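Input: a single structure, listed below in structure tokens.
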Amino acid sequence: MDLLPPATEPPAGGGGGAPAPGRRLRRGVGFRSLKMVSVSMDEPLPAEPVGVAYGRLANGLAYYVRSNPKPRMRAALSLAVKVGSVVEEEDERGVAHIVEHLAFSATSRYTNHDIVKFLESIGAEFGACQNALTSSDETIYELLVPVDKPGLLSQAISVLAEFSSEVRVSAEDLEKERGAVLEEYRGGRNATGRMQDSHWALLFEGSKYAERLPIGTEKVIRTVPHETVRHFYHKWYHLSNMAVFAVGDFPDTQAVVEMIKEHFGQKAPPSCPPPVIPDFPVPSHVEPRFSCFVESEAAGSAVVVSCKMPADRIKTVKDYRDSLAESMFHCALNQRLFKISRRNDPPYFSCSSAADALVRPVKAYIMTSSCRERGTVEALESMLLEVARVRLHGFSEREISIARALMMSDIESAYLERDQMQSTTLRDEFLQHFLHEDPVVGIEYEAQLQKTLLPHNTIPPWDEEQIPEEIVSQSPEPGSILDKVEHPGIGATEMILSNGMRICYKCTDFLDDQVVFTGFAYGGLSELSEDEYTSCSMGSTIAGEIGIFGYRPSVLMDMLAGKRAEVGTKVGAYMRSFSGDCSPSDLETALQLVYQLFTTKVEAREEEVKIVMQMAEEAIYAQERDPYTAFANRAREINYGNSYFFKPIRISDLKKVDPIRACEYFNNCFKDPSAFTVVIVGNIDPSISVPLILQYLGGIPKVGNAVQPLTRDDLKGLPFKFPETIIREVVRSPMVEAQCFVQLGFPVVLKSTTMTEDIHYVGFLSKLLETKIMQVLRFKYGQVYSVNVGVFLGGNKPSRSGDIRGDISVNFSCDPDMSSKLVDFVLEEISFLQNEGPSEEDVLTILEIEQRAHENGLQENYYWLDRVLRSYQSRVYSGDVGSTFEIQDEGRLKVREALTPQSMQMALQRVVPFPCRKQFTVVILMPKSSCWNSFKALLTWSPGGFSRDAKILAGMAGAIVLAVSLWRYSRSTLRS
């Protein structure tokens, strides 16, 4: 944790040795020399999964066990039950999901959420490493546990065994869990949730799936007796309907199979045969169905076109080839839809097409577009026009070749990293085999199949754009190395180039097909005056639409087809940065994009600017309708002061934006190479990579008459001032259905003299607060679904000296009538921790969670990228990144060694106000007065048919609402 915003997204971490010279090149050649296979289209694919110990116990339980080294000393476990909400009776609606909640609450061996506490005590954090989901057709319990100590794996498998048959369903257990389930239900009753529910009902009208959403009904959640829940559990939870999965870093798969037999084998099958899980057909319909959904809280307008069909099973090579053709179709169509969205005056802002299995018997093709508020008809017509065009004329050869190249690149990457797959990925593959009979043939054979079949897949007039052949039209003159330093403590090499750019690269062997990098320079939005802020803050958005690499985005998309190279930019409060992720074989392409970023002058063009402004205007209107936006804006205003920097942009502000100034600002952000430090981590062969770095990063021209680059001491701090008194405020907003969200904030001050240690203490304290408040609000009182504790430490000038200021906030949603009482519970818990301190068990749990996260991180490129970046950005950095890295590492270890109940108590008194009740803010989002029912959405159904030119109007929440959420909604939204 540091006071500056991270230059990369929060990573998952890693470290390691350098690969052997030339290794990357040989691996690439390995895929290209992979032999194609001679197969008959009728040849069946293996029915049993390849590469896994697979079998069934005498009691009917299936098992899948595989040894896999990534992440090290971890195992991904699951228990899958082929039963979901669709089997529920009318008085059981939501019971399948309630059972899933109760499993973590109490079993024959564990009570009072002791399962959660045990798993957290070994470093398996609740939510991240222990979770579950309920869908229409299945229930899945998931664990990610360490296996570096004797007995841990066996204990974790015993927990899954408890879930399978030993869940205790008492009246007391149920009453304590109702509140958490109700809050999960309430959390889904926003605009997006209502839209999803209505579209789901339309899709499955006439089938039981339409009436059995996994969350159930509020009435059942509130009133269902424990006897009904227990009856459901004992009726459907039979080992013959289940499978257990174990994929992880254990050397002996047979020993794990024996553990499964030990914990599950003694469970006898029922004396009477369990009920057969029935099939629930989804009737087809001749005439199209349509609906209009008008939503007062909608975050945007969109159109959805769904075409459902029977779910197919991949049994033969021909089936697999057909699935590739389907993927190629959607890939090519999405490329075309993107280009349309970037035309002058486009019919929609974004549009995509996808396919997925929604429920066991049905899959669907779904096209979704987001559009301007009164543009739904135009968007629909354009979507249907392209489908008709493809049906009549097919795709061009170029479109097919681009789609084929993209898919071939994906399978090549998977093949190159076949020995470095995450255990969770493999586990999920085996889950699909058990639940949906998806074949598991092994990545080697799948790569051979795709390499054999893709070149022959075609899809029987599209006006193509002219696509340049080269990203950089004229190769730049390479730069030179002025200074070079090795940092053995990091395993990294640092170079100063002739144009002043600083490069630090670290070679790893975590993933054969990954190189990640970030370049940053000090100086960002905090330097701007109020008059310039709004225009310049739009710079990245406007420039991105025009094209920051010298080409329009639609053209660049085709140029990058078949390459795995992505580069993006960010302009933050104190820094501007660029980040990339690429294959080692495409590192040259990624560095060419960076070269283009610095040498391209983005100029505001009227049509592109018009599109950006339309999208921004729609987003602002959507935010003004959203209750949570009003709440967040007010909370920010209270906590950070009424400053232009923290104010939301309004329509009136948007009209003042100067696109020319916005582009000028963006161009200046990425102009001077001497201001930037670039960190590169991944499967790098220096003999190949360094010459590319010198050519494209070293070749960026120096800036004539450049001013001295900003240092962290030159930066202007944000206008931040936390209130000095207690503030309690209720934000009332019109709502269709009652929602409530609470933010409880405390100022944080880290003294300069103790900052090096306190920066680590803040991380431990935030996790302690999150864990303890969750135990109180959910596990003790059953009133929330989840709790989040957030930390902001960028509130003052980020110089090398001076205190660090910010805030720490506790966030949760709850029943509106309980909000004030829950705030008091939170204050009581924090007061208790400040006065009495945490328990020894609490401290050990937090230490274990942090250590496990750190160990996982050490195996990931992004983790090392982030650590090296933070060393450069640390206030103790004075030119030697190696020593700074060592100081930060020592600081973490020093805090870990000193972490006791007493030291955490003192840190909590030191970091936040003591007593906590003397200075804090509480902002609560509540429905406006008692008349929120008057804002009910207008929903009309028309089950009949319509003519060819009929219009479908659908106003829905979110810019890409249904495309990415609808099918996941049926399968994985209800997580505990």
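Being a predicted model, the structure only gives us computed values, none of them experimental.
D581 places no side-chain N or O within 3.5 Å of a backbone atom of V516 that could act as its donor or acceptor partner. R427 places no side-chain N or O within donor-acceptor distance of the main-chain N or O of A76, the cut-off being under 3.5 Å.
The side-chain contact (heavy atoms from CB on, under 4.5 Å) search around T884 returns S871, S874, V876, Y877, not counting sequence neighbours. Residues passing the side-chain contact (heavy atoms from CB on, under 4.5 Å) test with K176, sequence neighbours excluded: N112, E172. Listed by chain and residue number, F741 satisfy the ring-ring contact (aromatic ring centres under 6.0 Å, His included) test with F631 (two or more places apart in sequence, or in another chain). For the ring-ring contact (aromatic ring centres under 6.0 Å, His included) test, residues two or more places apart in sequence or in another chain that qualify with Y644 are Y533.
Enclosure of atom CZ in R805 is not indicated, since only 12 or fewer non-hydrogen atoms of other residues, nucleotides or ligands lie within 6.0 angstrom. Heavy-atom contacts from other residues, nucleotides or ligands closer than 6.0 Å to CD of Q851 number more than 12. Heavy atoms from other residues, nucleotides or ligands lying under 6.0 Å from NZ of K721 number 12 at most. The local environment of CE in M73 is crowded, with over 12 non-hydrogen atoms from other residues, nucleotides or ligands closer than 6.0 Å.
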Go through the steps for F163 and F104 under the test ring pair (Phe, Tyr, Trp, His ring centres under 6.0 Å), then give the verdict. CA-CA 8 Å; F163 292 162; F104 287 92; 5.0 Å; yes
What's the verdict on side chain to side chain donor-acceptor pair (under 3.5 Å) for D173 and S105, showing C-alpha distance, side-chain angles and the deciding distance? CA-CA 7 Å; D173 297 330; S105 174; 4.6 Å; no
Going through the checks in order, is the salt bridge (Lys or Arg N to Asp or Glu O under 4.0 Å) test met by D148 and R852? CA-CA 11 Å; D148 56 348; R852 298 307 184 179; 2.5 Å; yes
Taking it one step at a time, do M926 and M735 satisfy side-chain contact (heavy atoms from CB on, under 4.5 Å)? CA-CA 9 Å; M926 299 279 275; M735 298 182 190; 5.8 Å; no
For Y522 and Q873, run side-chain contact (heavy atoms from CB on, under 4.5 Å): C-alpha distance rounded to whole Å, both residues' side-chain angles, the deciding distance at 0.1 Å, then the answer. CA-CA 9 Å; Y522 288 115; Q873 295 163 7; 4.0 Å; yes
Could you go through F118 and V159, starting from their C-alpha distance and side-chain angles, then the distance that decides it, and tell me whether this counts as side-chain contact (heavy atoms from CB on, under 4.5 Å)? CA-CA 10 Å; F118 157 67; V159 168; 4.2 Å; yes
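Listed by first then second residue, pairs satisfying side chain to side chain donor-acceptor pair (under 3.5 Å) with a partner in residues 625-638 read D626-T629, Y628-Q739, N633-R636, R634-E637, R634-E729, not counting sequence neighbours.
When all heavy atoms are compared, the tightest approach of S537 to L525 is CA-CD2, 4.1 Å.
Looking at Q775 and H113, their side chains never bring a donor and an acceptor atom within 3.5 Å of each other.
Between T424 and E142 the shortest side-chain heavy-atom distance does not fall below 4.5 Å. Between E218 and L182, some side-chain heavy-atom pair lies under the 4.5 Å cut-off.
Using cut-offs of 30° and 60° for the angle between ring planes, the F746 and F920 rings count as tilted.
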What side-chain donor-acceptor pairs closer than 3.5 Å can you find for residues 813-823, not counting sequence neighbours?
unit_1, atom_1, unit_2, atom_2, d
S813, OG, E183, OE2, 2.7
D815, OD1, D817, N, 2.9
S819, OG, P816, O, 3.0

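Q743 pairs in a side chain to side chain donor-acceptor pair (under 3.5 Å) with only one of the listed residues (N788, N639, T921), which is N639.
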